[in-house]
Amino acid sequence: MSTEKIPFLDLVTVHRELQDELVEVLKTALKSAGFIGGPMVQGFEEDFAGFCESRLCVGLGSGTDALRFALIAAGVKSGNIVITVPNTFIATTEAISQAGARPDFVDIDPTTYAMDSGKLREYLEHTCRWDPKTRQVTHNATGKLVTAIVPVHLYGQMADMDPILDLATQYNLKVVEDACQAQGAEYFSQKDNRWHKAGSMGHAAAFSFYPGKNLGACGEAGAMTTNDEQLAHTCRLLRDHGQSKKYFHDIEGYNGRLDAIQAGFLRVKLHHLTKWNEQRRQAAERYDKLFAGAEGLVTIPHQPSWARSVYHLYVVQVEDRARLQQQLNDVGIGTAIHYPIALHLTKAYEELGFRIGDFPIAEKSVAHILSLPMFPGLTADQQERVVTEVLKSLSVTSSELT
Ligand SMILES: *Cc1c(COP(=O)(O)O)cnc(C)c1O
């Protein structure tokens, strides 16, 4: 078997293949010197809204901008609480804090790694009180208003949106999907008996086009999607210093615009996204098959019948993660951990006062997860080698144990 290195993520090959098209974008931008806003940004916004089956898209500087602006535009105010999950990238909770709110958490479903709607219900029923007159939810311990939920479609798989949206309706809460890892993922809604694209179900959604995402820019970029014209309008103001017209500022905003060149690159790459996602799905299926028979040693991703994941990451769980990661590294196989610390236990959130044991499902998964190589263009040979090395490492471990 080959001993060639297998990277965790190969971004070079795909850009080599697209080089001519991407250089054309750059030339077009240089010709007009229209680097901010303009037709390339608008064109991408229309294309991406179409891709997400969402009415509107606002191009932004990053996924973090998208989360922050969507929350502010959805009406989250200073001193509110916004509920999310502890096992996400810190941008999710940074955006909540930067919108002026306090992040609070509910635990995850152990099989999907996404928000457990039963836990969300418990949170709303048992730690909050509902005032039917004002139609507001107050968190008992802090007296703060709970105003929004941010379900995270982690690793490319949808959170179970039907019950989350039902609770949001019942408790008058806004839902902002963190779809940063889920461009193109789909959810089957029992309620209307059809598939929905990630980013089209909540009041708004945030996407990141950080280079390593399923759809990545050649630099920083992001977008929000929504079906609500008012919400999109507010995000357009927020991204551009609150300007409705040059130097006429309706509100104070931010500098959170999408570069025209990045929008142009993204437009080119969007044409390939469906094919790339399909390649990721095929790679995931291949991993699943190769790991069949190793159930006791490796927990592979679970895809519920209501989800079509786009496998931003292929995450397995093993007993001795540190040892497996080291041994794969020793034979030239790249891996990563998404993410090594649950946010409620991260130093930055010490003052929120959470403890070990507060979110046991998330904490347990955090200790065992490992992301294996996953990208379009990953070959069957490479995958076979990854799985062979994983099983070699694990069977040694398990025979040593017995
Ligand atoms: C990447 C990511 C973000 C942030 O996106 P940026 O473009 O890096 O700001 C937010 N949430 C999740 C789950 C992400 O994976």
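One-based numbering, in listed order, for ligands and for the atoms of each. Quantities reported herein were computed from a predicted structural model and do not represent experimental measurements.
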Ligand 1 versus Ala91: contacting region, heavy-atom distance under 4.0 Å: side chain
Residues Asp109 and Thr111: side-chain donor-acceptor under 3.5 angstrom: yes
Distance from atom 7 (O) of ligand 1 to nearest protein heavy atom, with residue and atom: Ser208 OG, 2.6 Å
contact_flag Lys213 ligand 1 heavy-atom lt 4.0 Å: yes
Backbone or side-chain N or O of Glu220 under 3.5 Å from ligand 1 N or O: no
Flag for His272-Lys269: side-chain donor and acceptor within less than 3.5 Å: no
Closest approach of any protein heavy atom to atom 9 (O) of ligand 1, naming residue and atom: Thr64 OG1, 2.4 Å
Side-chain donor/acceptor of Thr379 to backbone N/O of Gln382, under 3.5 Å: yes
Donor on one side chain, acceptor on other, Asp166 and Thr169, under 3.5 Å: no
Pair Asn140, Arg129: side-chain N/O donor-acceptor within cut-off below 3.5 Å: yes
Nitrogen or oxygen of Phe89 less than 3.5 angstrom from that of ligand 1: no
Check: Thr92/Asp178 side-chain N/O donor and acceptor closer than 3.5 Å: yes
Distance-only donor-acceptor check, side chains Asp358 and His344, under 3.5 Å: no
For atom 13 (C) of ligand 1, the protein heavy atom that lies nearest, with its residue and separation: Asp178 OD2, 3.5 Å
Contacting atoms of ligand 1, where contact means under 4.0 angstrom from a heavy atom of Ser62: 7 (O), 9 (O)
Sub-4.0 Å atoms of ligand 1 with respect to non-hydrogen atoms of Thr88: 13 (C)
Ligand 1 versus Leu154: contacting region, heavy-atom distance under 4.0 Å: neither
